[in-house]
Protein chains: 2
Amino acid sequence: MNDDAPAVRRRRGSELEAAILRATWEELGAVGYMNLTMEGVADRARTGKQVLYRRWRNRAELVLAAMRSRVVSIADDVPDTGELRGDVLAVLDRMARRYDDVGPDVVHGLMAEARDLDPVFFSIMTGVMETILRRAADRGEIRPGAVGRRITTLPADLLRHEMLLTSAPVPESTLVEIVDDVFLPLVNSRAGRRR
Amino acid sequence: MNDDAPAVRRRRGSELEAAILRATWEELGAVGYMNLTMEGVADRARTGKQVLYRRWRNRAELVLAAMRSRVVSIADDVPDTGELRGDVLAVLDRMARRYDDVGPDVVHGLMAEARDLDPVFFSIMTGVMETILRRAADRGEIRPGAVGRRITTLPADLLRHEMLLTSAPVPESTLVEIVDDVFLPLVNSRAGRRR
DNA sequence: CGAATAAGAGACGCCCTGTCTCTAATGCCG
DNA sequence: CGGCATTAGAGACAGGGCGTCTCTTATTCG
């Protein structure tokens, strides 16, 4: 008889970690953030709670890790349509679709529980918009340095506000409104904001 | 012997309700939203959990009721400084101070747990801004109907976004930025947004 | 006054947290 | 290749809150 063969196979290290993050993502989809428990994730991943607590201090950190393992950063592929309006619309659209994937439930839950997700999560859009505006300036569409920080982040800020409040998918028309009625008029105003 | 005198006095109806809401508010200040429990409130109000559950279905509803019992609506006293800029700054300042009273903890918690506080809570500012803009139009400061819905709510939306993300008190300079760099330029742009 | 109502008090089962324990699978290093 | 350090998997544990239920009795209304 072969008594040397292990009764069960044990995962370790990154293999186990990946399995847990996958289980977290599935659990998130199955029960939502509010009803997600460490026990539920551990069961789904066929492991014990201790293994989870060894890696993440709490639910918020676990879910954040699960999201990061899924997400390709918006910053990695900045739209380049050859026109400022098209670029901004494209990047807002990506934001909106990303949010639909994650769900308002998760975002609200994380904001309530995680005390510091601002830097990584919300400041990404600043860099993306700066790239878009620099390209527009290179093209001669706008004057370099004509757009201050507040206006730079304005489209993303307004969309984020919309998403946080409504919890329903943001329609395309809202994106157009943000760009055509708010952002572009400010960029094109002859005053040329500086701050 | 006076055996007819009740051993303990029992509060009822609105008297009891007021005591519970007061206790909820105190508990909120003492332990914050995340650590607020129905048991904690019941103990502080010297009553039983059942009495709470008879009136509110859960923590979110209880806290909402406690807030409503405290708050004088911003809509009840719209600023009137005689100038559009001053009015908008004043109303933003009230919003910001109101938020400081309540605390980011409570707002984030409520947004995560209460599934429908948009209507009552967030649409108030629309009416306030419409009043302010109407007065400005009457004064001849702006053209009547020159400001569309999106621009009307823009100052409040941007401030709210700021408050939801930063969790620190919003400085006066941010309010000025919102009004001078975003709102007023759009209102004064000769295009005069319509939508 | 008598009946209906609801407060106060406590117990209950359930679930989840976060920690601790133990055994045995795994991978590393000599 | 074999022994050892690591750590996964499994389960128990106390602690605490939820939401419901029960019981007694103060209060109010008709």
Side-chain angles (χ1 to χ4, degrees), chain A residues 1-24 27-28 30-65 105 109-110 112-115, chain B residues 1-24 27-28 30-66 105-106 109-110 112-115:
Chain A
M1 291 306 197
N2 183 6
D3 285 347
D4 296 0
V8 290
R9 185 177 129 63
R10 271 190 201 173
R11 300 155 298 179
R12 279 199 165 208
S14 54
E15 181 196 358
L16 177 58
E17 189 156 322
I20 294 173
L21 294 179
R22 198 181 330 116
T24 304
E27 190 76 356
L28 220 42
V31 304
Y33 186 85
M34 290 309 284
N35 298 317
L36 181 135
T37 67
M38 299 299 257
E39 292 196 338
V41 173
D43 287 354
R44 186 181 285 268
R46 300 177 175 283
T47 184
K49 282 194 290 182
Q50 188 66 249
V51 175
L52 269 57
Y53 280 109
R54 223 190 311 269
R55 291 169 164 72
W56 303 278
R57 271 177 306 179
N58 51 50
R59 180 165 76 151
E61 290 195 5
L62 171 60
V63 171
L64 269 176
D105 182 67
L110 282 178
E113 284 185 8
R115 270 285 145 270
Chain B
M1 295 305 214
N2 181 6
D3 286 348
D4 296 1
V8 289
R9 186 177 128 62
R10 270 189 201 173
R11 298 155 300 177
R12 279 199 163 210
S14 54
E15 180 195 358
L16 176 59
E17 190 156 322
I20 294 173
L21 294 180
R22 197 179 331 115
T24 305
E27 190 75 357
L28 220 43
V31 305
Y33 186 85
M34 290 310 283
N35 298 316
L36 181 135
T37 67
M38 298 301 258
E39 295 194 340
V41 173
D43 287 354
R44 186 182 284 268
R46 300 175 173 283
T47 184
K49 281 194 291 181
Q50 188 66 251
V51 175
L52 270 55
Y53 280 109
R54 227 193 301 276
R55 287 165 222 275
W56 302 279
R57 272 178 305 178
N58 51 50
R59 180 165 75 150
E61 290 195 5
L62 171 61
V63 171
L64 268 177
D105 182 68
V106 178
L110 282 178
E113 284 185 7
R115 270 285 143 271

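Side chains are part of it too, since the values below use all heavy atoms of this structure and drop only hydrogens, waters and symmetry mates. Labels below follow one simple rule: chain letters A, B, ... track the order of the sequence lines, proteins then strands, and each chain is numbered from 1.
Checking the phosphate oxygens (OP1, OP2) of C/dA7, no side-chain nitrogen or oxygen of B/Thr47 falls inside 4.0 Å.
Shown for residues 55-65 of chain B: residues whose heavy atoms fall under 4.0 angstrom of DNA chain C, namely B/Arg55.
Note: CZ (B/Arg9) to P (C/dA9) measures 14 Å, nearest angstrom. For the pair B/Glu17 CD and C/dG8 P, the interatomic distance rounds to 13 Å; values are reported in whole Å. Per the geometry, CD belonging to A/Glu15 stands 17 Å off P belonging to C/dA25, to the nearest Å. Rounding to whole angstrom units, CE of residue A/Met34 and P of C/dC15 are separated by 18 Å. Rounded to whole Å, atom P of D/dT7 lies 12 Å from atom CG of A/Leu16. Rounded to a whole Å, the OH atom of A/Tyr53 is 4 Å from the P atom of C/dG18. To the nearest angstrom, C1' of D/dG9 lies 12 Å from CG of A/Leu52. A/Lys49 has its NZ atom 13 Å from the P atom of C/dC15, to the nearest Å.
A salt bridge links A/Glu61 with A/Arg57: the closest approach of a Lys/Arg side-chain nitrogen to an acidic carboxylate oxygen falls below 4.0 angstrom.
Across all strands shown, B/Arg54 has heavy atoms under 4.0 Å from base atoms, whether or not it also approaches the sugar-phosphate.
Expressed to the nearest 0.5 Å, how far CG of A/Leu64 lies from CG of A/Asn58 amounts to 9.0 Å. Atom-to-atom distance recorded for A/Asp105:CG and A/Leu36:CG is 9.5 Å, nearest 0.5 angstrom. Interatomic distance, CG of B/Leu28 versus CG of B/Leu62, reported as 9.0 Å (0.5 Å rounding).
Along DNA chain D, the nucleotide nearest to B/Arg11 and the one nearest to B/Met38 differ in position, and the one closer to the 5' end is contacted by B/Met38. Toward the 5' end of DNA chain C, the nearer of the two residues B/Arg12 and B/Ala45, judged by each one's closest nucleotide, is B/Arg12.
A pairwise comparison of heavy atoms in B/Met34 and A/Glu113 identifies CE-CG, 3.7 Å as the closest pair. Looking at every heavy atom in both residues, A/Val63 comes nearest to A/Tyr33 through CG2-CE1, 3.6 Å.
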So which protein nitrogen or oxygen atoms get under 3.5 Å of nucleotides 14-16 of chain D's nitrogens or oxygens?
none

So which protein N/O to nucleotides 20-23 of chain C N/O distances come out below 3.5 Å?
from	atom 1	to	atom 2	distance (Å)
C/dC20	N4	A/Gln50	NE2	2.5

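Looking at residues two or more places apart in sequence or on another chain, you find a side chain to side chain contact (heavy atoms under 4.5 Å, CB included) between B/Arg55 and B/Leu16, B/Glu17, B/Ile20, B/Val51.
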Using atom types as modelled, flag every donor-acceptor pair under 3.5 Å from a side chain in residues 41-49 of chain A to any protein atom, sequence neighbours excluded.
from	atom 1	to	atom 2	distance (Å)
A/Arg44	NE	A/Glu27	OE1	2.6
A/Arg44	NH1	A/Glu26	OE1	3.4
A/Arg44	NH2	A/Glu27	OE1	3.1
A/Lys49	NZ	A/Glu39	OE2	3.3

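Consecutive Watson-Crick or G-U pairs involving DNA chain D, each under 3.5 Å on both distances, make up stems of three or more pairs at C:1-30 with D:1-30.
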